[in-house]
Amino acid sequence: MKKSLIILAAAICFAACNQNEPDHSEEQKTNFAAAKYFEALGTNNVPMENFSLDSVRVEAVVTSDTTLDICLYQISFSPKMPVTIDMVIPHVTYTRTDNELKLSADNIAPTMGGKPFDKYTITQLNGYITPDSIVFTNNYGTYSDCSYRGAVTQFK
């Protein structure tokens, strides 16, 4: 009897594990199409300094029907930089489809601590946000051809 119960329990577990998980891709697509907040963890690259910084957290927050703010946390541009900084790139223009937000901006002074930081004026920002990633390239002041690539950890 005990052996039969063990076999029955194993069979139930096996059957439950083999059932197909429901496909939430349509639900995810709908949620992404309406999302106003995106978070990613990734790498910031500064080719001019031959410098990459991993584990940079980025948030993109929709502020209007056509703009969003990109917040970069604990970022630096050079191994010589003695501290990391939190920086906001405000008023980035976007266009939205069901699966993507296309990003662009030019001549935007980022803010640090709520104050403009003209030394790192953002130029030629281009990129995108998908349900899987946040990717953009830009110039930070004299640091050209910088890029960020991160895996989306959440959107809502």
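Hydrogens, waters and symmetry mates play no part in the numbers below; they use all other heavy atoms, side chains included.
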Pairs under 3.5 angstrom only: tabulate donor-acceptor contacts from the side chains of residues 141-156 to other protein residues two or more places apart or in another chain.
| unit_1 | atom_1 | unit_2 | atom_2 | d |
| --- | --- | --- | --- | --- |
| Tyr148 | OH | Gly42 | N | 2.9 |
| Tyr148 | OH | Val56 | O | 2.9 |
| Thr153 | OG1 | Glu39 | O | 3.3 |
| Gln154 | NE2 | Glu39 | OE1 | 3.2 |

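At distances below 3.5 Å, at least one donor-acceptor pair connects side-chain atoms of Ser78 with backbone N or O atoms of Lys80. Judged purely by atom type and a 3.5 angstrom limit, Thr121 uses its side chain to pair as donor or acceptor with the backbone of Asp118.
Leu101 approaches Arg96 most closely through the heavy-atom pair CD1-NH1, 4.0 Å. Across all their heavy atoms, Leu103 and Leu68 have their closest contact at CD2-CD2, 3.9 Å. Heavy atoms only, all atoms of each residue included: Ser76 and Val83 are closest at CB-O, 4.1 Å.
For residues 100-114, no pair satisfies side chain to side chain donor-acceptor pair (under 3.5 Å), with sequence neighbours left out.
Both Ile85 and Tyr140 are part of a single hydrophobic cluster, where members link through side-chain heavy atoms under 4.5 Å apart. Linking Ile, Leu, Val, Met, Phe, Trp and Tyr whenever their side-chain heavy atoms come within less than 4.5 Å puts Phe117 and Ile108 in one cluster. In this structure, Tyr37 is not a member of the same hydrophobic cluster as Phe32, with clusters built from ILVMFWY side-chain heavy atoms closer than 4.5 Å.
Separating the CG atom in Leu53 from the CD1 atom in Ile75 is a distance of 7.0 Å, to the nearest 0.5 Å. Note that CD1 of Ile122 is 13.0 Å distant from NE2 of His91, once rounded to the nearest 0.5 Å.
Ring centroid separation for the pair Phe51 and Phe77 does not come in under the 6.0 Å cut-off.
In this model, no donor atom of one side chain and acceptor atom of the other lie less than 3.5 Å apart for Thr137 and Asn126.
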Test ring-ring contact (aromatic ring centres under 6.0 Å, His included) on Phe136 and Tyr128 and set out the steps.
CA-CA 6 Å; Phe136 58 91; Tyr128 59 87; 9.9 Å; no
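Residues meeting the ring pair (Phe, Tyr, Trp, His ring centres under 6.0 Å) test with Tyr73, sequence neighbours left out: none.
For the side chain to side chain contact (heavy atoms under 4.5 Å, CB included) with Val58, the qualifying choice from Leu72, Asn44, Leu41 is Leu72, the only one to do so.
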